[in-house]
There are 2 protein chains.
Amino acid sequence: MELQEAKDKFIQAWGTFGSQWGINRTMTQIHALLLVSAAPLSADDIMEQLQISRGNVNMNVRDLIDWGLVYKVLKPGERREFFSAEKDIWKVFRQVVKQRRKRELEPVFGILEEVLKVQGDPKDPEYKAFVEPVRDIQKIASRADSTLETLTKADENWFFTMLVKLFK
Amino acid sequence: MELQEAKDKFIQAWGTFGSQWGINRTMTQIHALLLVSAAPLSADDIMEQLQISRGNVNMNVRDLIDWGLVYKVLKPGERREFFSAEKDIWKVFRQVVKQRRKRELEPVFGILEEVLKVQGDPKDPEYKAFVEPVRDIQKIASRADSTLETLTKADENWFFTMLVKLFK
DNA sequence: AATATTTTTCAATAAATTTTGAAAGTATAA
DNA sequence: TTATACTTTCAAAATTTATTGAAAAATATT
(Lines give C-alpha, C1' and ligand atoms only; values in the text may rest on other atoms or scores of the structure.)
Protein backbone atom coordinates (compact mmCIF):
# COMPACT_ATOMS: atom_id res chain seq x y z
CA MET A 1 0.00 0.00 0.00
CA GLU A 2 1.16 3.50 -0.86
CA LEU A 3 1.66 6.02 1.92
CA GLN A 4 -0.95 8.34 0.45
CA GLU A 5 -3.49 5.55 0.23
CA ALA A 6 -2.83 4.52 3.81
CA LYS A 7 -3.23 8.13 4.98
CA ASP A 8 -6.52 8.49 3.15
CA LYS A 9 -7.85 5.27 4.57
CA PHE A 10 -6.86 6.28 8.06
CA ILE A 11 -8.46 9.71 7.72
CA GLN A 12 -11.63 8.15 6.40
CA ALA A 13 -11.78 5.60 9.21
CA TRP A 14 -11.15 8.19 11.87
CA GLY A 15 -13.94 10.35 10.45
CA THR A 16 -16.43 7.50 10.52
CA PHE A 17 -15.39 6.55 14.02
CA GLY A 18 -15.76 10.11 15.27
CA SER A 19 -19.21 10.59 13.80
CA GLN A 20 -20.40 7.37 15.43
CA TRP A 21 -19.48 8.94 18.75
CA GLY A 22 -21.23 12.23 18.13
CA ILE A 23 -18.27 14.22 16.84
CA ASN A 24 -18.43 16.08 13.54
CA ARG A 25 -16.94 13.93 10.78
CA THR A 26 -14.93 16.76 9.24
CA MET A 27 -13.49 17.76 12.58
CA THR A 28 -12.12 14.28 13.17
CA GLN A 29 -10.85 14.07 9.60
CA ILE A 30 -8.92 17.31 9.97
CA HIS A 31 -7.58 15.98 13.22
CA ALA A 32 -6.48 12.75 11.57
CA LEU A 33 -4.87 14.63 8.70
CA LEU A 34 -2.85 16.87 11.00
CA LEU A 35 -1.96 13.92 13.16
CA VAL A 36 -0.23 12.05 10.35
CA SER A 37 1.32 15.07 8.62
CA ALA A 38 5.03 15.52 9.11
CA ALA A 39 4.82 19.32 8.98
CA PRO A 40 2.16 21.81 10.10
CA LEU A 41 -0.46 22.58 7.46
CA SER A 42 -2.11 25.82 6.36
CA ALA A 43 -5.84 26.27 5.86
CA ASP A 44 -5.27 25.96 2.12
CA ASP A 45 -3.41 22.68 2.56
CA ILE A 46 -6.33 21.26 4.52
CA MET A 47 -8.89 22.57 2.03
CA GLU A 48 -7.02 20.92 -0.79
CA GLN A 49 -6.32 17.60 0.87
CA LEU A 50 -9.83 17.07 2.23
CA GLN A 51 -11.63 18.93 -0.56
CA ILE A 52 -13.63 21.15 1.77
CA SER A 53 -14.35 24.85 1.94
CA ARG A 54 -12.39 27.54 3.72
CA GLY A 55 -15.19 28.27 6.16
CA ASN A 56 -15.47 24.65 7.08
CA VAL A 57 -11.75 24.40 7.75
CA ASN A 58 -11.80 27.54 9.84
CA MET A 59 -14.70 26.44 12.04
CA ASN A 60 -13.49 22.94 12.66
CA VAL A 61 -9.89 23.93 13.28
CA ARG A 62 -11.12 26.40 15.84
CA ASP A 63 -13.14 23.68 17.55
CA LEU A 64 -10.10 21.42 17.57
CA ILE A 65 -8.08 24.19 19.19
CA ASP A 66 -10.85 24.62 21.80
CA TRP A 67 -10.62 20.92 22.50
CA GLY A 68 -6.89 21.31 23.01
CA LEU A 69 -6.04 18.86 20.24
CA VAL A 70 -4.56 21.24 17.69
CA TYR A 71 -2.13 24.14 17.97
CA LYS A 72 -1.49 27.18 15.84
CA VAL A 73 2.05 27.23 14.56
CA LEU A 74 3.57 30.49 13.39
CA LYS A 75 6.35 30.16 10.86
CA PRO A 76 8.88 32.95 10.85
CA GLY A 77 8.60 35.06 7.71
CA GLU A 78 5.19 33.53 6.90
CA ARG A 79 2.03 35.52 7.18
CA ARG A 80 -0.33 32.55 7.11
CA GLU A 81 -1.14 30.44 10.11
CA PHE A 82 -0.23 26.80 10.22
CA PHE A 83 -1.77 24.07 12.30
CA SER A 84 -0.35 21.03 13.97
CA ALA A 85 -1.97 18.29 16.01
CA GLU A 86 -0.88 17.09 19.40
CA LYS A 87 1.11 13.96 18.62
CA ASP A 88 1.20 12.47 22.09
CA ILE A 89 -1.75 10.09 21.78
CA TRP A 90 -2.04 9.53 25.47
CA LYS A 91 -2.40 13.29 25.92
CA VAL A 92 -5.04 13.38 23.16
CA PHE A 93 -6.99 10.63 24.84
CA ARG A 94 -6.83 12.36 28.21
CA GLN A 95 -7.83 15.67 26.68
CA VAL A 96 -10.89 14.20 25.00
CA VAL A 97 -12.00 12.46 28.18
CA LYS A 98 -11.49 15.64 30.16
CA GLN A 99 -13.49 17.79 27.75
CA ARG A 100 -16.40 15.42 27.31
CA ARG A 101 -16.59 14.85 31.02
CA LYS A 102 -16.89 18.57 31.58
CA ARG A 103 -19.24 19.29 28.69
CA GLU A 104 -21.52 16.27 28.81
CA LEU A 105 -21.19 14.31 32.03
CA GLU A 106 -21.36 17.20 34.48
CA PRO A 107 -24.75 18.49 33.25
CA VAL A 108 -26.18 14.98 33.54
CA PHE A 109 -25.06 14.73 37.15
CA GLY A 110 -26.79 17.99 37.88
CA ILE A 111 -30.07 16.71 36.46
CA LEU A 112 -29.86 13.35 38.25
CA GLU A 113 -29.39 15.15 41.53
CA GLU A 114 -32.27 17.46 40.76
CA VAL A 115 -34.81 14.81 39.78
CA LEU A 116 -33.95 12.74 42.83
CA LYS A 117 -35.44 15.50 44.95
CA VAL A 118 -38.83 14.23 43.76
CA GLN A 119 -41.50 13.99 46.46
CA GLY A 120 -43.23 10.67 47.08
CA ASP A 121 -44.11 7.75 49.27
CA PRO A 122 -41.17 5.31 49.43
CA LYS A 123 -43.74 2.50 49.51
CA ASP A 124 -45.37 3.57 46.24
CA PRO A 125 -44.29 1.18 43.45
CA GLU A 126 -44.41 4.01 40.89
CA TYR A 127 -42.15 6.09 43.06
CA LYS A 128 -39.76 3.23 43.65
CA ALA A 129 -39.70 2.34 39.95
CA PHE A 130 -38.42 5.83 39.28
CA VAL A 131 -36.08 6.43 42.16
CA GLU A 132 -34.28 3.10 42.21
CA PRO A 133 -32.86 3.00 38.70
CA VAL A 134 -32.03 6.70 38.81
CA ARG A 135 -30.13 6.23 42.05
CA ASP A 136 -28.30 3.28 40.53
CA ILE A 137 -27.32 5.37 37.53
CA GLN A 138 -26.08 8.08 39.81
CA LYS A 139 -24.03 5.60 41.77
CA ILE A 140 -22.38 3.90 38.85
CA ALA A 141 -21.89 7.16 36.96
CA SER A 142 -20.12 8.90 39.80
CA ARG A 143 -17.84 5.90 40.19
CA ALA A 144 -17.04 5.96 36.50
CA ASP A 145 -16.61 9.70 36.67
CA SER A 146 -14.02 9.62 39.41
CA THR A 147 -12.16 6.91 37.57
CA LEU A 148 -12.08 9.15 34.51
CA GLU A 149 -10.97 12.11 36.55
CA THR A 150 -8.12 10.13 38.01
CA LEU A 151 -7.26 8.99 34.52
CA THR A 152 -7.05 12.52 33.14
CA LYS A 153 -4.75 13.55 35.93
CA ALA A 154 -2.54 10.52 35.66
CA ASP A 155 0.39 10.08 33.37
CA GLU A 156 0.78 7.23 30.95
CA ASN A 157 3.13 5.37 33.18
CA TRP A 158 0.59 5.36 35.97
CA PHE A 159 -2.03 4.03 33.60
CA PHE A 160 0.01 1.09 32.45
CA THR A 161 1.18 0.37 35.95
CA MET A 162 -2.44 0.20 36.92
CA LEU A 163 -3.31 -2.15 34.09
CA VAL A 164 -0.49 -4.47 34.98
CA LYS A 165 -1.57 -4.42 38.58
CA LEU A 166 -5.11 -5.19 37.54
CA PHE A 167 -4.56 -8.08 35.23
CA LYS A 168 -1.69 -9.91 36.79
CA MET B 1 -41.18 18.17 42.27
CA GLU B 2 -43.96 15.91 41.02
CA LEU B 3 -43.13 12.36 39.97
CA GLN B 4 -44.33 12.99 36.43
CA GLU B 5 -42.22 16.11 36.13
CA ALA B 6 -39.16 14.27 37.40
CA LYS B 7 -39.74 11.45 34.93
CA ASP B 8 -40.08 13.87 32.04
CA LYS B 9 -36.93 15.69 33.02
CA PHE B 10 -35.02 12.45 33.30
CA ILE B 11 -36.25 11.20 29.91
CA GLN B 12 -35.34 14.50 28.33
CA ALA B 13 -31.86 14.48 29.87
CA TRP B 14 -31.21 10.90 28.86
CA GLY B 15 -32.23 11.71 25.29
CA THR B 16 -29.87 14.67 25.08
CA PHE B 17 -27.06 12.65 26.58
CA GLY B 18 -27.59 9.78 24.16
CA SER B 19 -27.61 11.98 21.09
CA GLN B 20 -24.36 13.60 22.17
CA TRP B 21 -22.83 10.14 22.07
CA GLY B 22 -24.15 9.25 18.66
CA ILE B 23 -27.25 7.37 19.71
CA ASN B 24 -30.65 8.27 18.33
CA ARG B 25 -32.44 10.62 20.73
CA THR B 26 -35.77 8.80 20.50
CA MET B 27 -34.15 5.45 21.16
CA THR B 28 -32.62 6.67 24.41
CA GLN B 29 -35.85 8.38 25.41
CA ILE B 30 -37.81 5.19 24.96
CA HIS B 31 -35.17 3.41 26.96
CA ALA B 32 -35.41 5.98 29.75
CA LEU B 33 -39.19 5.78 29.76
CA LEU B 34 -39.20 2.00 30.06
CA LEU B 35 -36.47 2.15 32.66
CA VAL B 36 -38.53 4.27 35.05
CA SER B 37 -41.90 2.65 34.37
CA ALA B 38 -43.20 0.33 37.05
CA ALA B 39 -44.99 -1.92 34.55
CA PRO B 40 -44.22 -2.95 30.97
CA LEU B 41 -45.63 -0.60 28.32
CA SER B 42 -47.34 -1.26 25.00
CA ALA B 43 -46.44 0.49 21.74
CA ASP B 44 -49.50 2.69 22.26
CA ASP B 45 -48.37 3.68 25.72
CA ILE B 46 -44.99 4.74 24.37
CA MET B 47 -46.56 6.61 21.45
CA GLU B 48 -48.77 8.52 23.82
CA GLN B 49 -46.20 9.33 26.47
CA LEU B 50 -43.49 10.47 24.08
CA GLN B 51 -45.83 11.82 21.40
CA ILE B 52 -44.23 9.90 18.58
CA SER B 53 -45.51 7.75 15.72
CA ARG B 54 -46.11 4.02 15.71
CA GLY B 55 -43.41 3.39 13.13
CA ASN B 56 -40.88 5.30 15.16
CA VAL B 57 -41.72 3.31 18.27
CA ASN B 58 -41.50 0.05 16.40
CA MET B 59 -38.10 0.77 14.88
CA ASN B 60 -36.48 2.08 18.01
CA VAL B 61 -37.87 -0.62 20.26
CA ARG B 62 -36.49 -3.19 17.86
CA ASP B 63 -33.08 -1.54 18.02
CA LEU B 64 -33.25 -1.53 21.80
CA ILE B 65 -34.04 -5.23 21.75
CA ASP B 66 -31.07 -5.79 19.41
CA TRP B 67 -28.89 -3.95 21.89
CA GLY B 68 -30.15 -6.27 24.60
CA LEU B 69 -31.55 -3.40 26.67
CA VAL B 70 -35.26 -4.08 26.28
CA TYR B 71 -37.35 -7.25 26.42
CA LYS B 72 -40.71 -8.20 25.00
CA VAL B 73 -43.15 -9.10 27.72
CA LEU B 74 -46.22 -11.18 26.91
CA LYS B 75 -49.19 -10.67 29.17
CA PRO B 76 -51.53 -13.64 29.49
CA GLY B 77 -54.85 -12.93 27.82
CA GLU B 78 -53.42 -9.90 26.00
CA ARG B 79 -52.81 -9.91 22.31
CA ARG B 80 -50.57 -6.87 22.23
CA GLU B 81 -46.88 -6.95 23.04
CA PHE B 82 -45.49 -5.10 26.02
CA PHE B 83 -41.96 -3.91 26.56
CA SER B 84 -39.79 -3.65 29.60
CA ALA B 85 -36.25 -2.37 30.09
CA GLU B 86 -33.43 -4.19 31.80
CA LYS B 87 -33.36 -2.60 35.26
CA ASP B 88 -29.96 -3.82 36.36
CA ILE B 89 -27.93 -0.72 35.48
CA TRP B 90 -24.62 -2.48 35.72
CA LYS B 91 -25.87 -4.98 33.15
CA VAL B 92 -27.08 -2.13 30.92
CA PHE B 93 -23.71 -0.48 31.12
CA ARG B 94 -21.89 -3.71 30.29
CA GLN B 95 -24.25 -4.42 27.43
CA VAL B 96 -23.70 -1.02 25.85
CA VAL B 97 -19.93 -1.33 26.14
CA LYS B 98 -20.04 -4.81 24.67
CA GLN B 99 -22.17 -3.80 21.69
CA ARG B 100 -20.28 -0.64 20.82
CA ARG B 101 -16.99 -2.47 21.13
CA LYS B 102 -18.19 -5.03 18.65
CA ARG B 103 -19.89 -2.63 16.27
CA GLU B 104 -17.48 0.29 16.28
CA LEU B 105 -14.16 -0.56 17.85
CA GLU B 106 -13.48 -3.84 16.07
CA PRO B 107 -13.75 -2.33 12.55
CA VAL B 108 -11.31 0.40 13.54
CA PHE B 109 -8.79 -2.18 14.71
CA GLY B 110 -9.06 -3.90 11.37
CA ILE B 111 -8.28 -0.70 9.51
CA LEU B 112 -5.39 0.27 11.77
CA GLU B 113 -3.80 -3.11 11.16
CA GLU B 114 -4.37 -2.78 7.44
CA VAL B 115 -2.92 0.70 7.01
CA LEU B 116 0.13 -0.23 9.06
CA LYS B 117 1.10 -2.62 6.28
CA VAL B 118 2.09 0.49 4.32
CA GLN B 119 5.40 0.25 2.45
CA GLY B 120 8.12 2.79 3.10
CA ASP B 121 11.56 3.73 4.28
CA PRO B 122 11.68 3.81 8.09
CA LYS B 123 14.08 6.75 7.78
CA ASP B 124 11.64 8.84 5.72
CA PRO B 125 10.12 11.58 7.93
CA GLU B 126 6.83 11.40 6.03
CA TYR B 127 6.66 7.68 6.62
CA LYS B 128 7.52 8.04 10.30
CA ALA B 129 4.99 10.85 10.74
CA PHE B 130 2.31 8.44 9.61
CA VAL B 131 3.40 5.20 11.20
CA GLU B 132 4.30 6.47 14.65
CA PRO B 133 0.99 8.03 15.71
CA VAL B 134 -0.99 5.21 14.13
CA ARG B 135 1.07 2.64 16.02
CA ASP B 136 0.52 4.62 19.20
CA ILE B 137 -3.21 4.66 18.62
CA GLN B 138 -3.15 0.95 18.03
CA LYS B 139 -1.24 0.38 21.23
CA ILE B 140 -3.42 2.51 23.47
CA ALA B 141 -6.62 1.33 21.82
CA SER B 142 -5.87 -2.34 22.26
CA ARG B 143 -5.05 -1.71 25.91
CA ALA B 144 -8.31 0.12 26.38
CA ASP B 145 -10.11 -2.57 24.46
CA SER B 146 -8.92 -5.40 26.64
CA THR B 147 -9.85 -3.39 29.71
CA LEU B 148 -13.34 -3.02 28.30
CA GLU B 149 -13.52 -6.68 27.44
CA THR B 150 -12.58 -7.62 30.96
CA LEU B 151 -15.15 -5.15 32.21
CA THR B 152 -17.96 -6.69 30.18
CA LYS B 153 -17.13 -10.11 31.50
CA ALA B 154 -16.80 -9.01 35.07
CA ASP B 155 -19.57 -8.70 37.60
CA GLU B 156 -20.28 -5.57 39.55
CA ASN B 157 -18.57 -6.81 42.62
CA TRP B 158 -15.36 -7.35 40.72
CA PHE B 159 -15.58 -3.83 39.36
CA PHE B 160 -15.90 -2.18 42.71
CA THR B 161 -13.25 -4.40 44.22
CA MET B 162 -10.95 -3.22 41.49
CA LEU B 163 -11.75 0.43 42.11
CA VAL B 164 -11.06 0.06 45.78
CA LYS B 165 -7.78 -1.68 45.02
CA LEU B 166 -6.86 1.08 42.64
CA PHE B 167 -7.55 4.12 44.72
CA LYS B 168 -6.65 3.03 48.16
C1' DA C 1 -62.06 -18.82 5.62
C1' DA C 2 -63.43 -14.47 6.53
C1' DT C 3 -62.74 -10.77 9.90
C1' DA C 4 -60.38 -8.21 13.39
C1' DT C 5 -56.28 -6.76 15.65
C1' DT C 6 -51.57 -5.79 15.89
C1' DT C 7 -46.98 -5.32 13.94
C1' DT C 8 -43.83 -4.16 10.32
C1' DT C 9 -42.20 -1.83 6.35
C1' DC C 10 -40.76 1.93 3.68
C1' DA C 11 -41.41 5.90 0.45
C1' DA C 12 -42.31 10.47 1.37
C1' DT C 13 -41.61 14.24 4.41
C1' DA C 14 -39.66 16.83 8.04
C1' DA C 15 -36.05 18.14 11.00
C1' DA C 16 -31.41 18.61 12.29
C1' DT C 17 -26.85 19.14 11.05
C1' DT C 18 -23.13 20.33 8.13
C1' DT C 19 -21.06 22.85 4.45
C1' DT C 20 -20.48 26.47 1.35
C1' DG C 21 -18.92 30.83 -0.38
C1' DA C 22 -19.07 35.51 -0.59
C1' DA C 23 -18.78 39.55 2.23
C1' DA C 24 -16.89 41.67 6.21
C1' DG C 25 -13.09 41.90 9.25
C1' DT C 26 -8.02 42.19 10.49
C1' DA C 27 -3.36 42.54 10.14
C1' DT C 28 0.79 43.43 7.47
C1' DA C 29 3.43 45.62 3.96
C1' DA C 30 4.29 48.94 0.31
C1' DT D 1 -2.87 55.63 3.31
C1' DT D 2 -3.90 52.12 0.27
C1' DA D 3 -3.33 47.75 -1.36
C1' DT D 4 -2.64 42.97 -0.33
C1' DA D 5 -2.92 38.60 2.13
C1' DC D 6 -5.17 36.16 5.05
C1' DT D 7 -9.02 34.98 8.56
C1' DT D 8 -13.60 35.00 10.26
C1' DT D 9 -18.50 35.12 10.00
C1' DC D 10 -22.97 33.59 8.89
C1' DA D 11 -27.22 33.22 5.91
C1' DA D 12 -28.39 30.14 2.43
C1' DA D 13 -27.92 25.63 0.36
C1' DA D 14 -26.83 20.89 0.57
C1' DT D 15 -26.63 16.81 2.90
C1' DT D 16 -27.64 13.58 6.34
C1' DT D 17 -30.56 11.66 9.64
C1' DA D 18 -34.99 10.89 11.84
C1' DT D 19 -40.00 10.59 11.63
C1' DT D 20 -44.41 9.93 9.84
C1' DG D 21 -48.33 7.44 8.34
C1' DA D 22 -50.64 4.57 5.35
C1' DA D 23 -50.38 0.13 3.16
C1' DA D 24 -48.87 -4.56 3.55
C1' DA D 25 -47.82 -8.41 6.26
C1' DA D 26 -48.40 -11.15 10.12
C1' DT D 27 -51.11 -13.07 13.72
C1' DA D 28 -55.06 -14.14 16.25
C1' DT D 29 -60.24 -14.60 16.62
C1' DT D 30 -64.90 -15.79 15.20
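Residue numbers start from 1 in every chain, and the chains themselves are labelled A, B, ... in the order their sequence lines are given, proteins ahead of strands.
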With a cut-off of less than 4.0 Å, is there a side-chain N or O of T26(B) near OP1 or OP2 of dT19(D)? yes

Please confirm whether the backbone N or O of Q4(B) pairs with a side-chain atom of E2(B), one donor and one acceptor, at under 3.5 Å? no

Return yes if some donor-acceptor pair links the side-chain N/O of N60(A) with the main-chain N/O of N56(A) below 3.5 Å, else return no. yes

When the distance from [atom1] of [X] to [atom2] of [N] is rounded to whole Å, what number comes out?
X: L41(B); N: dT7(C); atom1: CG; atom2: P; answer: 13 Å
X: E78(B); N: dA28(D); atom1: CD; atom2: C1'; answer: 13 Å
X: D44(B); N: dT5(C); atom1: CG; atom2: P; answer: 13 Å
X: M47(A); N: dT19(C); atom1: CE; atom2: P; answer: 14 Å
X: R25(A); N: dA14(D); atom1: CZ; atom2: C1'; answer: 15 Å
X: L50(B); N: dA18(D); atom1: CG; atom2: C1'; answer: 15 Å
X: D45(A); N: dC6(D); atom1: CG; atom2: C1'; answer: 14 Å
X: E48(B); N: dT20(D); atom1: CD; atom2: C1'; answer: 18 Å

A side-chain contact here means heavy atoms from C-beta on lying under 4.5 Å apart; do L50(A) and V57(A) qualify? no

State, with a plain yes or no, whether a side-chain heavy atom of E132(A) is found less than 4.5 Å away from one of F130(A). no

Quick one: closest heavy-atom pair of S42(A) and D45(A), and the distance? N-OD2, 2.9 Å

Mind listing the residues from residues 52-66 of chain B sitting with a heavy atom below 4.0 Å of DNA chain C? Number order is fine. R54(B), G55(B), N58(B), R62(B)

Does the base of dA27(C) carry an N or O that pairs as donor and acceptor with the side chain of R79(A) under 3.5 Å? yes

Check this for me: does any side-chain nitrogen of one of K87(A) and D136(B) sit under 4.0 Å from a carboxylate oxygen of the other? no

Name the residue from L112(A), V118(A), I111(A), L116(A) that meets the side chain to side chain contact (heavy atoms under 4.5 Å, CB included) definition with F10(B). L112(A)

N24(A) has a side chain; which of dT19(C), dT7(D), dT8(C) sits nearest to it? dT19(C)

